[in-house]
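Just the heavy atoms: all of them, side chains too, but no hydrogens, waters or symmetry mates, feed the values below. Note that ligands are numbered from 1 as they come in the structure, with each ligand's atoms numbered from 1 the same way. If you read the sequence from its start, that first residue is 1, and numbering goes on from there.
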Amino acid sequence: MSTRLPTRIALFLTLLICNLAMAEEVAKPDAAKSDATVSYWNDIRPIFQVHCQGCHQPAKPGGEYVMTNFESLKSGGETGDPAIIVGDPEASLLMEYITPTDGAAMMPKDKPPLADADLEKIGLWIEQGAKDDTPDSARQKYDQDNPPVYSAAPVLTAIQFSPDGRYLAVGGYHEVLIHQVERLLAGEPSLTARLIGMSERIESVAFSPDGARLAVAGGSPGRLGEVQVWKIDDFSLDFSVPVTYDTIYGISWSPDGKLIGFGCPDNTVRALKAEDGEQVLFNGAHNDWVLDTVFSAKSTYIVTVSRDRSMKLIEVGTERFIDNITSITPGALKGGLNGVDRHPTEDQLLIGGADGVPKIYRMFREKARKIGDDFNLIRKFPALPGRIFDVEFSKNAERIVAGSSFNGTGYVSVSNVGDGKLIAEMKGIPSAIFAVAFSADGKWVASGGFSGDVFLHDAETGELQRQFVPFTQGDKVVADASTSATDP
Ligand code: HEC
């Protein structure tokens, strides 16, 4: 395989020289372009991010090889050979692994080889000295041995209880924090695991229906969107899949546990196979960011809500847009939709958005659409002040919870599904509320938002039970985490 490499580079150089010669006579800008040095940050990192880093990061170092940190990217993994020999692509293990022979390459593992243009860029970058031009602000600093250290609580947008009621998962900075619910309620130190991954921001978390895994949607703005899937038994990363170049939202599992759906700021909804992360659904029917997703009871449809104010029904098998579930008549819509959840057993959808009114819709139209109708609407609940950012059904389907924000103050309400009546109101929460969740037994509602605090309220009385910062042990800041971060 290494014999093909010099030929490739020689050819590239020949072309480059021809180009330069021609460019001299014709146009200057071209010459400047072909002459340019290859930038790691702008040219090489995006290739590694898409094709390699999912399997070569601190939380999942395939072959003991970490590619998210420049030192280890160069030094290599379990073979003991340096991955990159500066100035010498031919002798570099990395080039050997990615250069195809007879159409197949060792890396990316079990995937088609990189495009020729990418191989050429990587070769040229190594030849030019394999320089690191990563901006300081963007360096990957955190892993299990160097956990994030907090000086202020990050905005909280993701919170979920595990189906067995044991754990509460909360999105932090660069990590998901796992608390043990029993200890939390007993006022004991409850932080039991820190799932530290590549993404700076955690936007959404969802336990698999069997509770064995946790799917995470997040990213680093303008750079990376990522789906992480963690195993709950040992809190290890099962896999990570980079998607798009921006933070992603609204992750959900299909009830059969086979698919993971999420929304993207490129207005698409996508779904991956939960087994290995292969993308199996891509739909661009929305015309603004897709903020939340949920599957139908039989896992054959995915429903999406968006800043474009609509809720859409998409068929999984064909990836086709089927219907707008909410009315799309101008005037009927009031601002974007932020959250959607499905009735635990039926194809009914709970939504919340800018109008502050939680509503339940039927998923499948039973009558042909008439202009201006909102036929699928089943029930409206009492309005919350401001905008709703998240909604959820209780597991027994008897209650709904919604969380909103009005002028920076948070509001959470629990209502009865049967008659739409208000059960409990949590008013005047000192933080905009962006995420809400019912505990498995329906007794508690957890919420959080701008302040970064987690609020735990009694779902019947609305009484505040606990308030804590998720990266602390209940109330106390995790001291050992900050020491290990400064002293690896
Ligand atoms: C699906 C997971 C996966 C992807 C994607 C992947 N790798 Fe790997 N890589 C592995 C595993 C696992 C090993 C250990 C050897 C093996 O199992 O083949 C490995 C080994 C390596 C090694 C050898 C390291 C050493 O010194 O032992 C290199 C170099 C490497 N990969 C480079 C890459 C590059 C470059 C990409 C992207 C173009 C990539 N890999 C994509 C899983 C992956």
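One of the N, O or S atoms belonging to M107 lies under 2.8 Å away from atom 8 (Fe) of ligand 1. When distances to atom 8 (Fe) of ligand 1 are checked against a cut-off of 2.8 Å, H56 contributes an N, O or S atom below that limit.
In terms of protein heavy-atom proximity, atom 2 (C) of ligand 1 is closest to C55 SG, 1.9 Å. Counting only heavy atoms of the protein, atom 29 (C) of ligand 1 lies nearest to Y65 CE2, 3.5 Å. Among all non-hydrogen protein atoms, the one lying nearest atom 38 (C) of ligand 1 is C52 SG, 2.6 Å. Nearest protein heavy-atom neighbour of atom 23 (C) of ligand 1: Y97 CE2, 3.5 Å.
Contact annotation: for A83 versus ligand 1, there are no heavy atoms closer than 4.0 Å.
The side-chain heavy atoms of T157 and F389, taken from C-beta on, include no pair separated by under 4.5 Å. The shortest side-chain heavy-atom distance between Q49 and M198 does not fall under the 4.5 Å cut-off. Side-chain atoms of N267 and D308, non-hydrogen and from C-beta on, never get closer than 4.5 Å to each other.
Not one N or O of H51 is nearer than 3.5 Å to an N or O of ligand 1, by distance alone. Here's the thing with E78: one of its N/O atoms is less than 3.5 angstrom from an N/O atom of ligand 1. Residue K109 has at least one N or O atom closer than 3.5 Å to an N or O atom of ligand 1. Of the N or O atoms in G62, none lie within a sub-3.5 Å distance of an N or O in ligand 1. Geometrically, ligand 1 and T79 share a nitrogen or oxygen pair separated by less than 3.5 Å.
Within ligand 1, the atoms closer than 4.0 Å to a non-hydrogen atom of G77 are 24 (C), 25 (C), 26 (O), 27 (O), numbered from 1 in the order shown. Atoms of ligand 1 lying under 4.0 Å from any heavy atom of G63, numbered from 1 in the order shown and given with element: 11 (C), 13 (C), 14 (C), 27 (O). The atoms of ligand 1 that sit less than 4.0 Å from any heavy atom of I98 are 35 (C), 38 (C). Ligand-side atoms of ligand 1 in range of M67: 34 (C), 35 (C), range being under 4.0 angstrom from any heavy atom.
Using modelled atom types, one side-chain atom of H174 and one backbone atom of G197 make a donor-acceptor pair closer than 3.5 Å. A donor-acceptor pair is defined here as one N or O able to donate and one able to accept, closer than 3.5 Å; such a pair exists between the side chain of D341 and the backbone of F393. Using a distance-only test at 3.5 Å, with no hydrogens or angles considered, a donor-acceptor pair links the side chain of S92 to the main chain of I85.
Using modelled atom types and a 3.5 Å distance limit, the side chains of S240 and E226 yield a donor-acceptor pair. In summary, the side chains of D164 and S162 do present a donor paired with an acceptor at a separation below 3.5 Å, with no hydrogens or angles considered.
Between F235 and Y167, the ring planes lie perpendicular to each other; the angle is over 60°, past the 30° to 60° tilted range.
Within 6.0 Å of NZ in K131 there are 12 or fewer heavy atoms belonging to other residues, nucleotides or ligands.
Residues G123 and P89 approach most closely at O-CG, 3.5 Å, considering heavy atoms.
Note on ligand 1: L93 sits in its first shell, one or more heavy atoms being nearer than 4.0 Å.
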